[in-house]
Amino acid sequence: MTAPSEDRENPMATTKPESESGEAREPGAPAPTGPIAPDQAPKTGTGDSNIKDHERWQRFAVSDPAPEPPRPGRLRALGRGLRRAARSEWTLAGLFSLLLAVAMTWPLARDLDHVIPHDLGDPLLQAYTLGWLGDALRNDPGGIWGTNSFWPATDSFLFTDTLLGYAPLALAVTDATSALVVYNLLFIGTFGLAFLGMYALLRQLGARVAGSAVGAAAFAYAPWKLAHLGHLNVLSSGAIVLALAMLARGHGYSMRGGLRPERQRPGWALAGWLVALWQFSIGVALGLTFVYIMLAIAVVVGCFWLVKRPPLKWKTLAADGLGGVVFSLGVLWIADRHAAVATAYPETVRDYGYVEWFSPTWQSFIIAPEESRLWGAAHEAARVDLTWPPEQTLLVGFTLLALALAGLSWSVWSGWQRFWLALGIGVTTALAMGPRFLDDGAWAWRLLYDYAPGFDAVRTPGRMVLYITILLAILAAGTLTRIADGADELAHEARIDRRLKVRAPRRVHALLFLPMALVLAEGMSSAPNHEPPAAPVAVSELDGPVLFLPSDGRDTRVQFWTVDGFVDMANGSAAFTPTETTGIREMSKSFPSDESIAALRDAGIETVVVVPDWLPGSEWAGMETGGDPYGVDVERTDTAVVYDLNP
């Protein structure tokens, strides 16, 4: 094959032969021997006979430009845009995230309106919380902080995570059935958002598709999450990684490419701050540590900028300024409400020894919860020695651990990046162990407990395993990305045509998705779905304040029943129990004695509802419900005994 001639750059160079003077002539025609008079110059069709030859050819070449194709109509352009969007990576990732969430939680999607996942405790409490949130926003937004539970306590909405970020969907809750539907949709959605958010973060950091997908699955379906299937507030972690992905994209940062000013997207940076605030508004169970993580990242990035002074667009600085202010004001507003509750109710503070009871041990990180379909039965003996297994079974997944360990020595991430990831895993592990870490956690959790506002009210340090999972997923994605890059390098070296850039066949890259099957197998749940029991009475028709007996852990069912009307009641279950509620429970333990009735009247209770089926095994087991106390109207049904203390 001969090298292409330089004349090919000019398509007109080969159309006509030229004389030495550069003038064009017909083949075989005699060359001009003398000067040509102006009136004898060849015509160009332009009316100008004094134009130089090269100008003639140029005009000839462009004299009749091809007509521009007609622009497509608006509907056709919209259709093309929709087709491109439908084929985009993010559309496919979002659809896959949703379908995977439905499959991993099946058959919940089939039974949205009459069951609730995992148990009848905290899930019903949070379904009730959504109901109260929607009712208050519709009817009395100013009174949102005081629920009908824990009467006569104030600000009882803040006794547990408020799920305030779910307000738009909470507006759809109007009764018990709609409360179940909304709760279950959010439950499924938490897994989908966790997968999509982690996938976005890993892709932004520089991982390949397969590594990002496996890392996202490991984060969304980590085995330790199975013990928290009854905690919607803990499952709602997807916005954490999504916010980090948006902030990284907004600042043009990736682990493979570093900080690239030309890739800054101020809009993404602002969106990242807003998503971070939304995460905090869901609840402080995860929001508290996330705020401190954001603060730590801001300090590190700020120091880096002061030393390196990388160029930042003024729009990026404006987005950070606006987003940071909105985030800070929102966090301070919610934190101030919680601080007021902590001041009014000293019982919110957790004793350090109490925190130790819920803290994990070294072995906890390789022990699966009983809800694990794959490892639950195999780890039953290991759970016997744990003081509170639901918070101490913190297996992140053996597949994830293997890939992450491999990534410490063989990864697409640099040596320093792997060092900082390993250091982060060590620090978060020390914090997750709480008082059970070395020297009673004196150099880890104890520092947060003593000096960081809000941590003295946290009873479950083990939930820091969330950040361990994130860091391990980044390491694992680096391992698989390195394998994918290596496969492409081998294919490129073996190419026949050296001018082409060759990648490994798609079937080779498809093999890198195989670890996802193992990850999902470890994340499968054996926990059943439950149908909430019907209320024993028409709750909305009771005269409040009401006291349901027994009043114990089953108060979450009572709270769920009150979605029908939200009658004031002394019952309630939350992160802590107010002293007033404890006092009313003590008064009722001798009910229906005259002393108990008088004490409850003085406390303001109007109606007492006894559920006989709940009495055996409770602290009210000896209650006699056959008599009619003096001055009290008694109504008996098949499922309840209703006492009107002030007829």
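Residue numbers count from 1 along this sequence.
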State, with a plain yes or no, whether a side-chain heavy atom of [X] is found less than 4.5 Å away from one of [Y].
X: Leu295; Y: Val291; answer: no
X: Val115; Y: Leu108; answer: yes
X: Ile425; Y: Leu475; answer: yes
X: Val412; Y: Met255; answer: no
X: Leu232; Y: Asp161; answer: no
X: Met104; Y: Tyr221; answer: yes
X: Phe304; Y: Leu259; answer: yes

Working note: Val519 + Leu400, criterion side-chain contact (heavy atoms from CB on, under 4.5 Å); need CA distance, chi angles, decisive distance, verdict. CA-CA 7 Å; Val519 168; Leu400 177 61; 5.5 Å; no

Could you tell me whether the side chain of [X] and the main chain of [Y] form a donor-acceptor pair under 3.5 Å?
X: Arg249; Y: Trp268; answer: no
X: His530; Y: His118; answer: yes
X: Ser414; Y: Gln417; answer: yes
X: Ser254; Y: Gly206; answer: no
X: Gln204; Y: Met246; answer: no
X: Thr129; Y: Leu125; answer: yes
X: Thr91; Y: Ala85; answer: yes
X: Arg418; Y: Ala422; answer: no
X: Ser372; Y: Pro369; answer: no
X: Thr479; Y: Leu403; answer: yes

For the ring pair [X] and [Y], is the centre-to-centre distance below 6.0 Å?
X: Trp278; Y: Phe327; result: no
X: Trp413; Y: Phe419; result: no
X: Phe280; Y: Phe290; result: no

Pairwise distance [atom1]([X]) to [atom2]([Y]) - rounded to 0.5 angstrom:
X: Ile282; Y: Leu164; atom1: CD1; atom2: CG; value: 9.5 Å
X: Thr190; Y: Asn233; atom1: OG1; atom2: CG; value: 10.5 Å
X: Leu201; Y: Ile240; atom1: CG; atom2: CD1; value: 11.5 Å
X: Ile470; Y: Ile293; atom1: CD1; atom2: CD1; value: 8.5 Å
X: Leu480; Y: Met516; atom1: CG; atom2: CE; value: 9.5 Å
X: Leu401; Y: Thr469; atom1: CG; atom2: OG1; value: 9.0 Å

If you take all heavy atoms of [X] and [Y], which pair is closest and at what distance?
X: Ala172; Y: Val182; answer: CB-CG2, 4.2 Å
X: Gly215; Y: Met198; answer: O-CG, 3.9 Å
X: Ser237; Y: Leu286; answer: CB-CD1, 3.9 Å
X: Ala243; Y: Ala276; answer: CB-N, 3.8 Å
X: Ala101; Y: Ile188; answer: CB-O, 3.5 Å
X: Pro223; Y: Gly397; answer: CD-N, 3.7 Å

What orientation do [X] and [Y] show, parallel under 30°, tilted 30 to 60°, or perpendicular over 60°?
X: Trp375; Y: His379; answer: parallel
X: Tyr199; Y: Phe195; answer: parallel
X: His228; Y: Trp224; answer: perpendicular

Counting neighbours of [atom1] on [X] that are heavy atoms of other residues, nucleotides or ligands and sit closer than 6.0 Å, is the number greater than 12?
X: Trp388; atom1: CH2; answer: no
X: Trp420; atom1: CH2; answer: no
X: Arg383; atom1: CZ; answer: yes
X: Arg506; atom1: CZ; answer: no
X: Arg256; atom1: CZ; answer: yes
X: Leu514; atom1: CG; answer: yes

Quick one: does NZ or CZ of Arg309 land under 6.0 Å from the six-membered ring centre of Trp305, within 45 degrees of the ring axis? yes

As a quick check of understanding, evaluate side chain to side chain donor-acceptor pair (under 3.5 Å) for Ser525 and Glu371, giving each step before the final call. CA-CA 5 Å; Ser525 170; Glu371 293 87 350; over 6 Å; no

Between Glu522 and Thr399, is a side chain to side chain donor-acceptor pair (under 3.5 Å) present by the stated rule, with each step listed? CA-CA 8 Å; Glu522 291 190 274; Thr399 306; 2.9 Å; yes

Take His251 and Arg263 through the side-chain contact (heavy atoms from CB on, under 4.5 Å) test and state the conclusion after the steps. CA-CA 7 Å; His251 292 83; Arg263 294 196 173 187; over 6 Å; no

From the list Asp111, Asn529, Asn184, side-chain contact (heavy atoms from CB on, under 4.5 Å) partner of Ile116 resolves to Asn184

Residues Lys315 and Asp320 bridged, charged N to O under 4.0 Å: no

Taking it one step at a time, do Arg208 and Asp485 satisfy side-chain contact (heavy atoms from CB on, under 4.5 Å)? CA-CA 9 Å; Arg208 300 281 289 267; Asp485 287 352; 2.5 Å; yes

In sequence, state the C-alpha distance, the side-chain angles, and the governing distance for Tyr166 and Ser236, and then conclude on side-chain contact (heavy atoms from CB on, under 4.5 Å). CA-CA 10 Å; Tyr166 291 139; Ser236 301; 2.6 Å; yes

